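To start, the structure itself, in structure tokens.
Convention: sequence-line order gives letters A, B, ...; per-chain numbering from 1. Bear in mind that the values here come from a model prediction, so they are computed numbers and not experimental data.
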Protein chains: 2
Amino acid sequence: MSLALDPAAQDLLFRDAHTANTFTDEPVTEEQVQAIYDLVKFGPTAFNQTPLRVTLVRSPEARERLVQHMAEGNQAKTASAPLVAILAADNEFHEELPTLLPSFPQAKDVFFAERPVRESSATLNAALQAAYFIVGVRAAGLAAGPMTGFDAEGIRKEFLDDDHTPLIVVNIGKPGEGASYPRSPRLAYDQVVTTV
Amino acid sequence: MSLALDPAAQDLLFRDAHTANTFTDEPVTEEQVQAIYDLVKFGPTAFNQTPLRVTLVRSPEARERLVQHMAEGNQAKTASAPLVAILAADNEFHEELPTLLPSFPQAKDVFFAERPVRESSATLNAALQAAYFIVGVRAAGLAAGPMTGFDAEGIRKEFLDDDHTPLIVVNIGKPGEGASYPRSPRLAYDQVVTTV
């Protein structure tokens with residue numbers, strides 16, 4: 001069974017792509033991040049809520065503040081990656097719904113009047129978008145190093161506010177020497193997929 | 001700025017792809033789902049935990065049971081899609097970690113001894129994998145119709161168990177007549193991305 005997607009694209013996005021832990025010095029430009037966003041912004045979310053918000057940590061001073069909140073094993077790579085992005089969920093995404101969902105502008109009040117509902121919806125849908133973003137980084141010919149090992153409350157206070165929940169921090173750049181570990185095993189199809 | 005990914009692949013996965021609400025009768029085969037899984041299983045997750053579990057609802061009897069738990073606006077399309085998949089998080093994923101992460105088999109006990117920690121990690125990482133799966137459906141030349149409008153507790157009891165959390169139900173098939181709504185607006189880059 002062959003997929004419709006070109007094999008070279010399969011390799012670029014999934015088969016040859018690996019999480020990178022070291023990077024070359026080559027910078028990641030604003031134009032590259034814009035091109036990534038302009039591709040992955042079309043990925044689907046519930047009610048088109050698109051709650052992902054991205055903080056690009058570029059200045060040396062901000063990078064130093066971020067590194068303090070990373071788990072010890074993530075500090076060196078976060079300090080040295082050409083670009084680091086904090087991917088967060090906007091728990092007040094519903095304010096944009098009248099614009100984002102012109103076919104059903106009442107969704108804001110009908111479904112998302114309560115904060116706990118918004119938080120769980122924002123987390124799920126921003127996580128979908130975080131995955132699209134990782135795919136987009138690879139689509140740009142770059143390597144991603146997504147991390148969840150950090151002090152979320154610390155990053156929220158340092159870079160965001162109470163309305164935003166940091167989900168993933170991603171190192172971005174061209175892979176450096178010994179950038180990736182050997183591929184770990186994956187579960188077999190029958191361990192993951194059940195038919196009823 | 002052009003991406004490394006071929007423009008045709010960009011179109012297939014993001015730019016021309018739309019959530020489908022109607023489908024043709026053409027079946028989605030087991031081989032297609034296997035090909036999708038064999039591509040997207042490589043998408044990255046924290047500690048390679050890969051907590052996504054997929055239930056393919058194929059029998060008419062099971063389909064009828066599923067439709068009962070869908071929100072009213074999702075019932076007709078869930079009843080008529082060639083294939084429907086329940087995407088769930090396995091909150092006991094840590095049992096597989098010694099196999100999945102041979103470089104650090106202790107992760108199971110060091111990081112995931114507590115159920116609430118596992119649940120939030122499983123939800124986040126299974127959501128990443130749900131997005132890879134949606135991209136994979138499109139890579140197979142099929143359309144996805146992801147939905148979060150359903151009674152999660154009902155689906156859990158009907159098809160899963162207390163260790164699994166249903167996150168998204170996805171209709172899958174070739175798009176039918178009037179399958180998709182007009183593209184809704186997306187946020188501008190500057191509304192989503194901040195640089196510090």
Tell me, for [X] versus chain B, whether the close heavy atoms (under 4.5 Å) come from the side chain, the backbone, both or neither.
| X | value |
| --- | --- |
| A188(A) | backbone |
| E30(A) | both |
| Y181(A) | neither |
| L124(A) | both |
| N48(A) | side chain |
| T123(A) | neither |
| L13(A) | side chain |
| Y37(A) | side chain |
| A139(A) | both |
| T195(A) | both |
| V135(A) | side chain |
| I134(A) | side chain |
| P185(A) | both |
| Q10(A) | both |

Tell me, for [X] versus chain A, whether the close heavy atoms (under 4.5 Å) come from the side chain, the backbone, both or neither.
| X | answer |
| --- | --- |
| T19(B) | side chain |
| F47(B) | neither |
| A127(B) | both |
| Q129(B) | neither |

Residues R115(B), E92(B): salt bridge by 4.0 Å N-O rule: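 Yes, this pair counts.
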
Connected via hydrophobic side-chain network under 4.5 Å: F150(A) and V196(B):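 Hydrophobic grouping puts F150(A) with V196(B).
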
Find out if a path of hydrophobic residues (ILVMFWY) with successive side-chain heavy-atom gaps under 4.5 Å connects Y189(B) to I172(A).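 Cluster IDs for Y189(B) and I172(A) match.
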
Do you know which of G43(A), A17(A), S121(A) has the most heavy-atom pairs with chain B at a distance under 4.5 angstrom?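 Going by pairs under 4.5 Å, I would pick G43(A).
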
Hey, which of Q191(A), R183(A), H18(A), E96(A) has the most heavy atom pairs under 4.5 Å with chain B?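 Highest number of heavy-atom pairs under 4.5 Å: R183(A).
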
Minimum heavy-atom separation for [X] and [Y], please, with both atom names.
| X | Y | result |
| --- | --- | --- |
| F23(A) | P82(A) | CB-CD, 3.4 Å |
| H164(B) | R156(B) | O-NH1, 3.0 Å |
| V84(B) | A81(B) | CG2-CB, 4.1 Å |

Could you tell me which of [options] has the largest number of non-hydrogen atom pairs under 4.5 Å with chain A?
| options | answer |
| --- | --- |
| T55(B), N125(B), T148(B), L100(B) | L100(B) |
| T50(B), I36(B), D6(B), L187(B) | L187(B) |
| A126(B), A62(B), G141(B), P44(B) | P44(B) |
| L12(B), L101(B), T45(B) | L12(B) |

Got more than 12 heavy atoms from elsewhere within 6.0 Å of [atom1], [X]?
| X | atom1 | result |
| --- | --- | --- |
| E64(B) | CD | no |
| E72(A) | CD | no |
| D161(A) | CG | yes |
| E114(A) | CD | no |

Would you say the ring centers of Y132(A) and F42(A) fall short of 6.0 Å from each other?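 Not close enough - the centres of the two rings lie 6.0 Å or further apart.
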
Centres of the F93(B) and F112(B) rings: under 6.0 Å?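 Here the rings of F112(B) and F93(B) have centres that are less than 6.0 Å from each other.
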
Among R65(A), R58(A), R63(A), which residue satisfies the side chain to side chain donor-acceptor pair (under 3.5 Å) criterion with E61(A)?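 Of the listed options, the one satisfying the test is R65(A).
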
Given T78(B), I168(B), V170(B), the one that forms side-chain contact (heavy atoms from CB on, under 4.5 Å) with M147(B):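 Only match with M147(B) under side-chain contact (heavy atoms from CB on, under 4.5 Å): T78(B).
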
